[in-house]
> 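My questions all concern the structure below.
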Amino acid sequence: MIKLVGRCRVRLKEEKELLQKEYGQAIIDGHKEKIGNFKIEPPGLFRGRGTHPKMGKIKRRIMPEDVVINCSKDSKVPKPPEGHKWKEIRHDNTVTWLASWTENIMNNMKYVMLNPSSKIKGEKDWQKYETARKLKKYVDKIRATYRGDWKSKEMKVRQRAVALYFIDKLALRAGNEKEDNETADTVGCCSLRCEHVKLHDSLDGQDYVVEFDFLGKDSIRYYNRIAVEKRVFKNLKIFMENKGPEDDLFDRLSTTILNKHLQSLMDGLTAKVFRTYNASFTLQQQLDELTNENMSPAEKLLAYNRANRQVAILCNHQRAVPKSHEQQMENLQKKMDDKEAQIKEAKKLVKDAKADYKAHQSEKYRKMYERKKASLQRLEDQLQKLKLHATDKEENKEIALGTSKLNYLDPRISVSWCRKWNVPIEKIYNKTLRQKFRWAIEMAGPDFVF
DNA sequence: GCTCTTACTTAGGAGAAAATTC
DNA sequence: GAATTTTCTCCTAAGTAAGAGC
């Protein structure tokens with residue numbers, strides 16, 4: 001392993017900053033804004049996630065001749081590298097990207113866009129949460145409607161209603177169609193196949209249990225058993241009649257059809273709004289339930305993480321168990337054992353000091369006694385903290401909290417929770433997150449309700 | 001309808017950097 | 001001050017969804 005020593009590291013950091021200064025920002029409507037991905041993607045071997053049919057293909061080097069630049073007419077067009085030309089220079093102010101190219105593996109377009117801290121991204125983000133909040137007003141009616149549709153004469157309507165129920169209740173993704181054999185075999189709600197669900201008339205004391213087992217986005221496994229209403233169950237049986245395992249469960253449904261329908265129920269409503277809505281709603285409800293004023297700062301933080309965790313579980317945000325997890329838990333246990341031993345010792349000292357004080361009744365012995373008591377208290381606090389830490393860690397080993405925090409939870413909920421319970425915002429959001437959610441930090445008081 | 005293109009958000013992992021422990 | 005652990009940043013793949021054109 002190559003290890004960089006002091007000076008070399010400093011220089012590397014300086015070079016990085018220089019690069020960021022020179023290429024990492026753009027002027028948008030007169031304001032300097034950070035760009036997100038300003039470096040072109042280097043060539044290499046494509047891996048992809050899961051069993052990807054294109055794994056191992058060579059990802060070509062992108063040349064200036066592949067790159068389209070998008071900037072305003074009156075701006076200084078960035079110079080291509082010596083001896084090269086850009087593919088095109090465009091002045092399109094209806095889109096937000098600054099440069100784009102087509103990548104050769106999947107033939108997808110790639111874009112250079114602004115950092116999440118930018119005004120343009122922040123406004124979009126805010127809008128997203130406002131749409132989700134709007135759904136709150138409509139959701140009861142929509143739920144009543146899809147429940148009614150479970151009995152529709154039209155099979156298409158029934159399928160739509162059952163799919164929407166899953167999207168709402170289980171926070172499944174929409175599930176766009178994908179080209180066979182071009183990508184890993186993953187599905188979402190509308191693209192579920194019969195092989196992905198098992199129906200149990202009864203299981204573990206519950207009736208009408210649906211067992212889901214499929215690979216979702218990024219080939220992350222979704223496994224869930226859930227008791228559903230009889231009508232849903234019966235419908236699923238009908239949908240699966242005379243079908244093979246590889247046939248579509250919802251053969252009369254597509255994301256386009258579903259979203260068209262949703263659009264008719266509420267302006268701006270699409271399948272993914274349900275995920276945002278249910279995630280944010282769950283956070284708020286869990287925070288209310290789990291926080292109270294007698295909690296220490298550490299306990300409040302644990303409460304927040306637990307609320308966050310409920311959302312991550314709902315959205316199936318997983319991560320690989322960290323390699324050293326087992327070892328780390330053992331270390332923690334050992335620390336706790338040591339602490340217990342110290343506490344035992346300290347208790348003895350307190351007892352002795354108390355006896356001494358009783359015997360002598362002097363100021364000196366009283367002080368001694370007080371000191372011993374304080375140090376015992378300190379040890380007990382430390383143990384408590386270790387215990388909370390261990391619990392948090394174990395509960396969290398295969399759950400990724402970051403994704404929901406970044407993409408699904410209305411930041412105003414977190415901000416107002418912090419204000420209400422007097423928790424510094426820095427405990428919840430790091431610097432990057434605070435920049436991204438600046439709009440919310442400025443906006444939300446302690447009484448904000450999602 | 002259906003396919004293709006485009007533009008944007010959402011996702012987990014790797015490695016760097018920072019914090020903590022020894 | 002070195003080693004270890006935790007947190008953050010970067011990277012870019014993999015989704016969603018709208019619109020054009022037939």
> Taking the minimum atom-to-atom distance to the side chain of Tyr408(A), which one of dT10(B), dT12(C), dA18(C) wins?
dT10(B)
> Is any side-chain nitrogen or oxygen of Lys431(A) closer than 4.0 Å to OP1 or OP2 of dT7(C)?
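Answer no for this pair, as no side-chain N or O of Lys431(A) is under 4.0 Å from OP1 or OP2.
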> Applying side chain to side chain contact (heavy atoms under 4.5 Å, CB included), name anything that partners Glu398(A), two or more places apart in sequence or on another chain.
Val321(A)
> Under the salt bridge (Lys or Arg N to Asp or Glu O under 4.0 Å) rule, what pairs show up with a residue in residues 54-65 of chain A, not counting sequence neighbours?
Glu41(A)-Lys59(A), Lys54(A)-Glu182(A), Arg60(A)-Asp66(A)
> Count the heavy atoms belonging to other residues, nucleotides or ligands that lie under 6.0 Å from CZ of Phe281(A), then report whether that count exceeds 12.
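Open: at most 12 neighbouring heavy atoms sit under 6.0 Å from CZ of Phe281(A).
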> For DNA chain B, which residues in residues 177-197 of chain A have a heavy atom at a distance below 4.0 Å?
none
> Is the phosphate of dG1(B), meaning OP1 or OP2, less than 4.0 Å from a side-chain N or O of Lys156(A)?
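Answer is yes, contact under 4.0 Å.
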> Can you list, by residue number, the residues of residues 276-287 of chain A that have a non-hydrogen atom closer than 4.0 angstrom to DNA chain C?
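Of all residues in residues 276-287 of chain A, none places a heavy atom under 4.0 Å from DNA chain C.
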> Among pairs that include at least one residue of residues 302-323 of chain A, which meet ring-ring contact (aromatic ring centres under 6.0 Å, His included), considering only residues two or more places apart or in two chains?
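Every pair satisfying ring-ring contact (aromatic ring centres under 6.0 Å, His included) with a residue in residues 302-323 of chain A: Tyr304(A)-Trp417(A), His317(A)-Tyr408(A).
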> Would you please name every residue forming a ring-ring contact (aromatic ring centres under 6.0 Å, His included) with Phe448(A), sequence neighbours left out?
none
> When you measure from the side-chain N and O atoms of Asn430(A) to the phosphate of dT7(C), is any distance below 4.0 Å, counting only OP1 and OP2?
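Looking at the OP1 and OP2 atoms of dT7(C), neither is under 4.0 Å from any side-chain N or O of Asn430(A).
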> In whole angstroms, how far is the P atom of dC2(B) from the CZ atom of Arg252(A)?
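Atom-to-atom, Arg252(A) to dC2(B), this comes out as 13 Å.
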> Protein-nucleotides 5-8 of chain B N/O pairs closer than 3.5 Å?
residue : atom : partner   : partner atom : Å
dA7(B)  : OP1  : Trp97(A)  : NE1          : 3.4
dA7(B)  : OP2  : Trp97(A)  : NE1          : 3.3
dA7(B)  : OP2  : Tyr111(A) : OH           : 3.1
dC8(B)  : OP2  : Thr96(A)  : N            : 2.9
dC8(B)  : OP2  : Thr96(A)  : OG1          : 3.0
dC8(B)  : O5'  : Thr96(A)  : OG1          : 3.4

> Is the distance from OP1 or OP2 of dA17(C) to the nearest side-chain N or O of Thr270(A) less than 4.0 Å?
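Looking at the OP1 and OP2 atoms of dA17(C), one of them is under 4.0 Å from a side-chain N or O of Thr270(A).
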> Taking only residues two or more places apart in sequence, or in another chain, which ones meet Leu401(A) in a side chain to side chain contact (heavy atoms under 4.5 Å, CB included)?
Asn305(A), Asn308(A), Arg309(A), Ala312(A), Asn396(A), Ile399(A)
> Lys59(A) near the nucleic acid: base, sugar-phosphate alone, or nothing, with a heavy-atom cut-off under 4.0 Å?
sugar-phosphate
> Counting C-beta onward and ignoring hydrogens, is there a side-chain heavy-atom pair between Thr51(A) and Asp185(A) closer than 4.5 Å?
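Heavy-atom side-chain distance check fails, nothing below 4.5 Å.
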> Can you find a side chain N or O atom of Thr255(A) that sits less than 4.0 Å from OP1 or OP2 on dA17(C)?
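Checking dA17(C) against Thr255(A), no side-chain N or O comes under 4.0 Å of OP1 or OP2.
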> Does a sphere of radius 6.0 Å around NZ in Lys260(A) hold more than 12 heavy atoms from other residues, nucleotides or ligands, not counting ones at 6.0 Å or beyond?
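At most 12 heavy atoms, drawn from other residues, nucleotides or ligands, come within 6.0 Å of this atom.
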> Is any side-chain nitrogen or oxygen of Lys272(A) closer than 4.0 Å to OP1 or OP2 of dG15(C)?
no
> Counting heavy atoms from C-beta on, name the nucleotide in dT6(C), dA11(B), dG1(B) closest to the side chain of Lys393(A).
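My answer, after comparing the listed nucleotides, is dT6(C).
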> Please confirm whether the shortest side-chain N or O distance from Asn259(A) to OP1 or OP2 of dA17(C) is below 4.0 Å.
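Asn259(A) to dA17(C) OP1/OP2: side-chain N or O found under 4.0 Å.
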> Could you tell me whether the phosphate oxygens of dA11(B), OP1 or OP2, come under 4.0 Å of any side-chain nitrogen or oxygen in Arg275(A)?
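For dA11(B), OP1 or OP2 has a side-chain N or O of Arg275(A) closer than 4.0 Å.
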> Checking Asp337(A) against Gln333(A): is there a side-chain donor and acceptor pair closer than 3.5 Å?
yes
> Compare all side-chain heavy atoms of Leu192(A) with those of Phe212(A) and state whether any distance is below 4.5 angstrom.
yes
> Applying side chain to side chain contact (heavy atoms under 4.5 Å, CB included), can you list everything that pairs with Asp248(A), at least two apart in sequence or on another chain?
Arg193(A), Asp251(A)
> Once you build an axis from the first five pairs and another from the last five of the helix from dG1(B)-dC22(C) to dC22(B)-dG1(C), how far apart in angle are they, to 10 degrees?
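The end axes of the helix from dG1(B)-dC22(C) to dC22(B)-dG1(C) are about 10° apart, to the nearest 10°.
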> Below 3.5 Å is the cut-off: list the nitrogen or oxygen pairs between protein and nucleotides 12-14 of chain B, distance only.
residue : atom : partner   : partner atom : Å
dG12(B) : OP1  : Gln318(A) : N            : 3.3
dG12(B) : OP2  : Thr403(A) : OG1          : 2.8
dG13(B) : OP2  : Ala320(A) : N            : 3.4

> I'd like to check the side chain to side chain contact (heavy atoms under 4.5 Å, CB included) partners of Met443(A); sequence neighbours left out, ordered by chain and number.
Trp126(A), Arg412(A), Trp439(A)
> Within the 4.0 Å heavy-atom criterion, would you say Gly402(A) contacts the bases, only the backbone, or no part of the nucleic acid?
nothing
